[in-house]
Amino acid sequence: MGNKVAIIAANGGMFDAYKVFNIATAAAASDAEVGIFFTFEGLNLIHRKAMRQLPMPAGTEHFADGFAKANVPPIPELVNMARELGVKIIACQMTMDVMGLKLEDLIEGTEVGGAASFIDFAKDANISLSF
């Protein structure tokens, strides 16, 4: 396999979701092996309910019209695209415990692991990103 991309998603806003899933889907569509480690507020990006109501930074509400005019898919659709492209989705076990989240709260196909399991994935990544 060619490139390997490791992404840490630690923030949970709308813009964070677009950054994470745009890069993940672009990399996966280019035949890269992609893994995303979701921790702290980043778990909102794969939470079945929260992903549908992600906040936009104050003063950026006008972007909603821009997203619609540019035919940018909504976050749930991007998440499904990532899953279909084989992006590995890993939820941080420690953060889930701290936040009282269960696997059923998260999207289908989510793996649960600790930081060590993500480090094992990321140790030979060509590209590592954090959002």
Side-chain angles (χ1 to χ4, degrees):
M1 183 165 273
N3 286 329
K4 190 172 189 182
V5 179
I7 301 171
I8 297 173
N11 295 299
M14 177 76 70
F15 289 0
D16 303 302
Y18 277 116
K19 291 178 221 175
V20 167
F21 288 109
N22 279 333
I23 289 175
T25 55
S30 300
D31 292 328
E33 181 181 3
V34 182
I36 310 171
F37 185 70
F38 294 87
T39 187
F40 295 100
E41 289 88 9
L43 285 169
N44 287 334
L45 309 184
I46 56 170
H47 189 279
R48 291 180 191 267
K49 292 181 184 171
M51 72 182 325
R52 299 176 190 290
Q53 348 173 0
L54 297 172
M56 292 184 73
T60 63
E61 294 79 9
H62 62 283
F63 276 92
D65 288 337
F67 285 138
K69 287 178 185 169
N71 294 318
V72 176
I75 297 304
E77 193 174 317
L78 277 176
V79 171
N80 284 335
M81 287 170 55
R83 286 183 25 223
E84 288 171 5
L85 288 166
V87 172
K88 184 176 187 137
I89 295 175
I90 307 164
C92 176
Q93 179 70 65
M94 180 201 70
T95 307
M96 288 177 65
D97 293 345
V98 167
M99 297 173 79
L101 293 173
K102 296 177 179 49
L103 185 57
E104 306 83 62
D105 297 325
L106 306 176
I107 63 167
E108 187 178 325
T110 299
E111 299 175 27
V112 177
S117 65
F118 182 70
I119 295 206
D120 188 52
F121 174 86
K123 70 181 179 229
D124 56 352
N126 305 86
I127 300 169
S128 297
L129 303 166
S130 181
F131 295 104

Taking [Y]'s backbone N and O only, do any of them form a donor-acceptor pair with [X]'s side chain (distance below 3.5 Å, no angle check)?
X: Asp105; Y: Lys102; value: yes
X: Glu84; Y: Ala82; value: no
X: Arg48; Y: Glu104; value: yes

Do you know the tightest heavy-atom contact between [X] and [Y]?
X: Leu85; Y: Thr25; value: CD1-O, 3.6 Å
X: Val34; Y: Ala28; value: CG2-N, 3.7 Å
X: Ile89; Y: Arg83; value: CD1-CG, 3.7 Å
X: Pro73; Y: Tyr18; value: O-OH, 3.0 Å
X: Arg52; Y: Pro76; value: NH1-CG, 3.3 Å
X: Leu103; Y: Met96; value: N-CE, 3.7 Å

To the nearest 0.5 Å, what is the distance between [atom1] on [X] and [atom2] on [Y]?
X: Phe131; Y: Ile23; atom1: CZ; atom2: CD1; value: 3.5 Å
X: Gln53; Y: Asn44; atom1: CD; atom2: CG; value: 9.5 Å
X: Leu106; Y: Lys49; atom1: CG; atom2: NZ; value: 12.5 Å
X: Leu54; Y: Phe15; atom1: CG; atom2: CZ; value: 11.5 Å
X: Asn80; Y: Ile75; atom1: CG; atom2: CD1; value: 11.5 Å
X: Phe38; Y: Ile7; atom1: CZ; atom2: CD1; value: 8.0 Å

Any non-hydrogen side-chain atom of [X] less than 4.5 Å from a side-chain atom of [Y]?
X: Val87; Y: Phe21; result: no
X: Lys19; Y: Leu129; result: no
X: His62; Y: Asp65; result: no

Is the ring centre of Phe37 less than 6.0 Å from the ring centre of Phe121? no

ILVMFWY cluster, [X] and [Y] together (side-chain gap under 4.5 Å):
X: Val112; Y: Val98; value: no
X: Met94; Y: Phe118; value: no
X: Leu78; Y: Ile90; value: no
X: Met14; Y: Met81; value: yes
X: Leu101; Y: Ile46; value: yes

Of the options Ile107, Val20, Val79, which is the one that meets Leu45 in a side-chain contact (heavy atoms from CB on, under 4.5 Å)? Val20

